[in-house]
Amino acid sequence: QVQLVESGGGLVQAGGSLRLSCAASGPTFSSLAMGWFRQAPGKERDFVGSINRSGSSTVYAEFVKGRFTISRDNAKSTVYLRMNNLKPEDTGVYYCAAATWGGRIATAYDYWGKGTQVTVYS
């Protein structure tokens, strides 16, 4: 019902920045909370941050707070993750997800993108 496509990943030096985008299909984007998760090789998927339906409220994992910013453009059905001061431990596959309520728990999300690779080198 909802298709999510991430883009913007790549290779970046530590201290650099990237902006990830997630484009959503369908006319109900504004009714969905959106989240970002990441997964390092051999590790579980971790919560990065989320944003409410209107974009007026965001929640972040402690390890990215102050460095990452989530925003959304409902007219474009797109959510963004701006990542500043990247660290090698930020390396992983970043996933966009959509849910009715969202939050920090991955199982609360109903739709997932395929992910985009972010690699940070020192």
Side-chain angles (χ1 to χ4, degrees):
Q1 186 176 357
V2 176
Q3 184 178 11
L4 305 174
V5 181
E6 302 96 336
S7 62
L11 182 67
V12 63
Q13 188 174 11
S17 300
L18 285 173
R19 189 184 74 159
L20 307 184
S21 298
C22 173
S25 66
T28 60
F29 180 75
S30 63
S31 71
L32 298 171
M34 303 297 296
W36 287 96
F37 293 78
R38 71 186 187 191
Q39 188 167 22
K43 303 294 184 180
E44 293 185 343
R45 190 168 298 184
D46 293 325
F47 173 77
V48 174
S50 64
I51 189 167
N52 70 347
R53 296 172 180 85
S54 68
S56 63
S57 180
T58 53
V59 177
Y60 299 97
E62 187 67 27
F63 55 82
V64 303
K65 188 173 178 62
R67 298 189 297 125
F68 292 8
T69 303
I70 298 173
S71 61
R72 67 190 294 163
D73 186 339
N74 285 350
K76 296 181 179 180
S77 296
T78 301
V79 64
Y80 306 94
L81 178 65
R82 175 69 178 180
M83 304 183 292
N84 294 326
N85 191 24
L86 283 161
K87 304 174 181 180
E89 54 263 41
D90 294 320
T91 293
V93 178
Y94 282 69
Y95 297 90
C96 174
T100 302
W101 295 105
R104 297 176 179 269
I105 303 174
T107 54
Y109 290 82
D110 302 303
Y111 306 99
W112 294 83
K114 298 295 184 182
T116 184
Q117 177 71 42
V118 173
T119 303
V120 184
Y121 66 93
S122 60

Problem set entry | R53 side chain reached by T100 side chain, heavy atoms, under 4.5 Å | yes
Seminar exercise, completed: Residues at least two apart in sequence or cross-chain that pass side chain to side chain contact (heavy atoms under 4.5 Å, CB included) with S54, listed by chain then number, are N52, S56
Exercise. Can you list every pair that meets side chain to side chain donor-acceptor pair (under 3.5 Å) and has a residue in residues 112-122, with sequence neighbours left out?
Worked result: Q117-T119
For this session: Can you run down the salt bridge (charged side-chain N to carboxylate O under 4.0 Å, His left out) pairs that involve residues 6-33, sequence neighbours left out, and say none if there aren't any?
Result: none
Seminar exercise, completed: The complete set of salt bridge (charged side-chain N to carboxylate O under 4.0 Å, His left out) pairs with one or both residues in residues 21-50, sequence neighbours excluded, reads R38-D90
Pair listing, disulfide bond (SG atoms under 2.5 Å apart) test, anchored in [range], at least two apart:
{"range": "residues 60-93", "answer": "none"}
{"range": "residues 40-122", "answer": "C22-C96"}
{"range": "residues 48-86", "answer": "none"}
{"range": "residues 24-60", "answer": "none"}

Exercise. How is the hydrophobic cluster of L4 composed, in terms of its other members, when Ile, Leu, Val, Met, Phe, Trp and Tyr link through side-chain heavy atoms under 4.5 Å apart, directly or indirectly?
Worked result: V2, V12, L18, L20, F29, L32, M34, W36, V48, I51, Y60, F63, V64, F68, I70, V79, L81, M83, L86, Y94, Y111, V118, V120
Give me the atom names and distance for the closest heavy-atom approach of [X] to [Y].
{"X": "Y109", "Y": "A97", "result": "CD2-CB, 3.5 Å"}
{"X": "P88", "Y": "A14", "result": "CD-CB, 4.1 Å"}
{"X": "A99", "Y": "A108", "result": "CB-O, 3.3 Å"}

Exercise. Has I105 got more than 12 heavy atoms of other residues, nucleotides or ligands less than 6.0 Å from its CD1?
Worked result: no
Exercise. CD of E89: more than 12 outside heavy atoms within 6.0 angstrom?
Worked result: yes
For this session: List for me each residue that meets side-chain hydrogen bond (donor to acceptor under 3.5 Å, both in side chains) alongside N85, sequence neighbours excluded, and say none if there are none.
Result: none
Problem set entry | Partners passing side-chain hydrogen bond (donor to acceptor under 3.5 Å, both in side chains) against S17 (at least two apart in sequence or in another chain) | N84
Problem set entry | Which residues share a ring-ring contact (aromatic ring centres under 6.0 Å, His included) with F47, sequence neighbours left out | F37
